[in-house]
Amino acid sequence: MTKKKKVALTVAAAGAAAWAGSKILSKPEGRTSVPALDYDVPIILAHRGGAGLAPENTMAAFERAAGLGVHGFEIDVHLTKDEEVIVFHDETLGRTTDLDGRPGDYTLAELEEADFGYHHAGADGSYPFRGKAGGAVPLRRLLEDFPHMLVNIDMKDAPDTYEGGLLPSKLWRVIEEADARHRVVVTSFHDSQIDRFNLYARNQIALGAGEQEVRRAYLAFASGFGHLYQPNADVFQIPVRSGMFPLDLPPFIRFLGRLNIPVHYWTINDRPTMERLIAAGAKGIITDRPDLAAGLAGGPEEEPEDSQDGLE
């Protein structure tokens with residue numbers, strides 16, 4: 001046997017011993033169940049209120065999706081100039097509204113007077129929602145108007161901005177005052193922002209996984225050291241793929257399931273993929289087209305529409 005082979009065998013043996021020893025010593029603990037995620041069937045969440053059917057993050061969209069019978073909404077929030085929490089996705093206003101600049105450049109009153117359906121195009125190229133969809137929706141109003149909906153809240157303002165520095169505390173206050181602790185999930189792409197929010201929430205709110213948490217879980221699963229993974233999130237909301245890594249593998253879903261972590265996938269806008277993911281074990285589908293989830297594992301009862309009015 002050559003020296004290189006001996007070294008390789010020694011390293012392999014040491015690795016195997018380390019793995020076996022970690023299996024014996026490790027006692028992985030799953031997440032404790034939280035009320036917001038206590039459901040018996042896979043759930044359907046309208047992405048930005050159902051952005052394929054009405055202007056995203058407007059009352060027109062939320063009312064349309066609620067009428068379809070969705071379980072809840074997946075939304076994003078920003079802070080306004082006067083430090084109010086509004087439902088909005090982009091860093092700037094130009095793509096969807098008749099304003100320019102950032103949400104933080106305007107007061108809530110100014111944003112409520114804006115036209116948030118201004119750029120939502122219909123299938124014929126017209127703009128059927130101009131002047132009809134309303135302006136910014138304060139998170140407080142959304143929680144009050146839909147008291148039985150699960151609301152998944154993604155904090156968009158980055159933690160190193162003025163608005164992002166204030167958002168976790170402001171968001172907690174809105175949730176607390178609306179008595180919505182039992183029916184919201186709070187998350188962010190920024191793991192540090194989730195941690196900062198939880199300083200106020202103190203584990204009273206279901207937490208989604210940030211990018212680093214998802215990466216940590218997947219690496220633990222793929223490396224064979226999943227037994228060492230201790231989760232810091234109550235639910236994973238993820239795409240089917242991140243770069244070269246497939247995140248929709250049934251074994252990965254089962255790995256998280258054993259830790260009492262449901263997996264929701266975004267943004268799924270076709271029926272076959274919805275069915276495939278639920279068959280693989282997904283517990284939630286986040287979609288711009290909630291109408292396509294009709295009759296799907298406890299989803300909306302209304303039949304799919306022929307038109308994809310305004311879907312981008």
- Query: Between the side chains of Thr287 and Asn269, is a donor N or O closer than 3.5 angstrom to an acceptor N or O?
  - Reply: yes
- Query: Would Phe129 and Thr58 satisfy side chain to side chain contact (heavy atoms under 4.5 Å, CB included), going step by step from the backbone distance to the final call?
  - Reply: CA-CA 11 Å; Phe129 286 96; Thr58 64; over 6 Å; no
- Message: To the nearest 0.5 Å, what is the distance between CZ on Phe255 and OH on Tyr229?
- Response: 6.5 Å
- Please step through ring-ring contact (aromatic ring centres under 6.0 Å, His included) for the pair His227 and Phe225, ending with a clear verdict. CA-CA 5 Å; His227 53 282; Phe225 281 84; 5.7 Å; yes
- Using the test side-chain contact (heavy atoms from CB on, under 4.5 Å), find all partners of Leu219 that sit at least two apart in sequence or belong to another chain. Arg215
- Hey, does Phe62 have a side-chain heavy atom less than 4.5 Å from the side chain of Val151? no
- Task: Can you establish whether the number of heavy atoms outside Glu176 located under 6.0 Å from its atom CD is more than 12?
- Result: yes
- Task: Taking only Lys NZ, Arg NE, NH1 and NH2, and the carboxylate oxygens of Asp or Glu, determine whether Arg102 and Glu163 approach each other closer than 4.0 Å.
- Result: yes
- Message: So Pro103 and Ile86, do their side chains get closer than 4.5 Å, heavy atoms only?
- Response: yes
- Message: If we ignore hydrogens and angles and just use 3.5 Å, is the side chain of Gln204 paired with the main-chain N or O of Ala201 as donor and acceptor?
- Response: yes
- Message: On a heavy-atom basis, which atom in Ile194 and which in Ala209 lie closest, and how many Å separate them?
- Response: CD1-C, 4.2 Å
- Query: Is Val235 reachable from Phe189 through a run of I, L, V, M, F, W or Y residues, each pair having side-chain heavy atoms under 4.5 Å apart?
  - Reply: yes
- Evaluate the side-chain proximity of Thr273 to Tyr265: yes if any heavy-atom separation is below 4.5 Å, no if none is. no
- Message: Can you confirm whether Ser188 sits close enough to Asp154 that some side-chain heavy atom of one is under 4.5 Å from a side-chain heavy atom of the other?
- Response: yes
- Item | Heavy-atom donor-acceptor pair, Arg271 side chain to Ala294 backbone, under 3.5 Å | yes
- For the pair Phe252 and Tyr218, evaluate ring-ring contact (aromatic ring centres under 6.0 Å, His included) and give the outcome as yes or no after the intermediate values. CA-CA 8 Å; Phe252 183 54; Tyr218 190 84; 5.2 Å; yes
- Query: Is Asp195 close to Leu199 at the side-chain level, that is, under 4.5 Å between some pair of heavy atoms?
  - Reply: no
- Message: Any carboxylate oxygen within less than 4.0 angstrom of a Lys/Arg side-chain nitrogen, looking at Glu213 and Arg216?
- Response: yes
- Item | Which atom of Pro290 lies closest to which atom of Leu68, heavy atoms considered | CG-CD1, 3.8 Å
- Query: Can you check whether Met244's main-chain N or O pairs, donor with acceptor, with Arg241's side chain at less than 3.5 Å?
  - Reply: yes
- Message: My understanding is that only one of Ile286, Val240, Ile285, Asn152 makes a side chain to side chain contact (heavy atoms under 4.5 Å, CB included) with Trp266; could you say which?
- Response: Ile286
- Query: With a 4.0 Å cut-off, would you call Glu144 and Arg140 a salt bridge?
  - Reply: no
- Message: Are Leu93 and Ile75 connected into the same hydrophobic cluster when the rule is that any two of I, L, V, M, F, W, Y join if their side-chain heavy atoms are below 4.5 Å apart?
- Response: no
- Query: Is the side chain of Asp157 donor-acceptor paired with the backbone N or O of Leu79 at a distance under 3.5 Å, no angle test?
  - Reply: yes
- Give, for atom CD of Glu84 and atom CD of Glu112, the distance between the pair rounded to the nearest 0.5 Å. 9.0 Å
- Identify the two heavy atoms, one from Gly208 and one from Gln237, that lie closest to each other, and give their separation to 0.1 Å. CA-OE1, 4.2 Å
- Contacts of Asn198 that satisfy side-chain hydrogen bond (donor to acceptor under 3.5 Å, both in side chains) - sequence neighbours left out: Asn203
- CG of Leu143 to CD1 of Ile153, rounded to nearest 0.5 Å, is 5.5 Å
- Query: What's the spacing between His182 NE2 and Ile175 CD1 if we round to 0.5 Å?
  - Reply: 12.0 Å
- Query: Taking the side chain from Asp234 and the backbone from Leu207, do they hold a donor-acceptor pair closer than 3.5 Å?
  - Reply: yes
- Task: For Asn260 and Thr32, work out which heavy atoms get closest and say how close.
- Result: ND2-C, 3.8 Å
- Query: Backbone N or O of Gly94 within a donor-acceptor pair of the Thr97 side chain at under 3.5 Å?
  - Reply: no
- Within the distance-only criterion (no hydrogens, no angle test), does the side chain of Ser242 pair as donor or acceptor with the backbone N or O of Phe245 below 3.5 angstrom? no
- Message: Take a 6.0 Å sphere around CZ of Arg202 and say whether it holds more than 12 heavy atoms from other residues, nucleotides or ligands.
- Response: no
- Message: With heavy-atom distances below 4.5 Å as the criterion, would you say the side chains of Leu167 and Lys156 are in contact?
- Response: no
- Roughly how far, to the nearest 0.5 Å, is CG of Leu296 from CD1 of Ile278? 3.5 Å
- Message: Return the CD to CG distance between Glu113 and Leu111, rounded to the nearest 0.5 Å.
- Response: 10.0 Å
- Query: So do Thr96 and Phe88 actually touch side chain to side chain, heavy atoms under 4.5 Å?
  - Reply: yes
- Message: If you apply the rule side chain to side chain contact (heavy atoms under 4.5 Å, CB included), what do you find for Glu74 with Asp76, and how did you get there?
- Response: CA-CA 7 Å; Glu74 192 279 341; Asp76 311 280; 4.1 Å; yes
- By side-chain contact (heavy atoms from CB on, under 4.5 Å), which residues pair with Tyr200, not counting sequence neighbours? Pro168, Ser169, Trp172
- Query: Which pair of non-hydrogen atoms, one from Pro147 and one from Arg183, has the smallest distance, and what is that distance?
  - Reply: O-NE, 3.0 Å
- Task: Return the set of residues passing ring-ring contact (aromatic ring centres under 6.0 Å, His included) with Tyr106 (not counting sequence neighbours), or none when no residue passes.
- Result: none
- Message: Could you check whether Asp90 and Thr92, counting side-chain N and O atoms only, form a donor-acceptor pair closer than 3.5 Å?
- Response: no
Contacts table for residues 41-55: side-chain donor-acceptor under 3.5 angstrom, sequence neighbours left out:
from, atom 1, to, atom 2, distance (Å)
His47, ND1, Asp288, OD1, 2.7
Arg48, NH1, Glu56, OE1, 3.4
Arg48, NH1, Glu56, OE2, 3.2
Arg48, NH2, His89, NE2, 3.1

- Asp145 and Met59: CA distance, side-chain angles, deciding distance, side chain to side chain contact (heavy atoms under 4.5 Å, CB included) verdict: CA-CA 10 Å; Asp145 285 6; Met59 288 305 295; 3.6 Å; yes
- In chain order, what residues pass the side-chain contact (heavy atoms from CB on, under 4.5 Å) check against Tyr118, with sequence neighbours excluded? Asp98, Asp115, Arg130
- Query: Can you find a pair of side-chain heavy atoms, one from Pro262 and one from Tyr39, that are under 4.5 Å apart?
  - Reply: yes
- Does CD in Glu177 sit with more than 12 non-hydrogen atoms of other residues, nucleotides or ligands closer than 6.0 Å? yes
- Query: Can Asp270 and Leu292 be said to form a side chain to side chain contact (heavy atoms under 4.5 Å, CB included), step by step?
  - Reply: CA-CA 7 Å; Asp270 67 278; Leu292 296 181; 5.5 Å; no
- Looking only at heavy atoms, which two atoms of Phe236 and Val214 are closest? And how far apart? CE2-CA, 3.8 Å
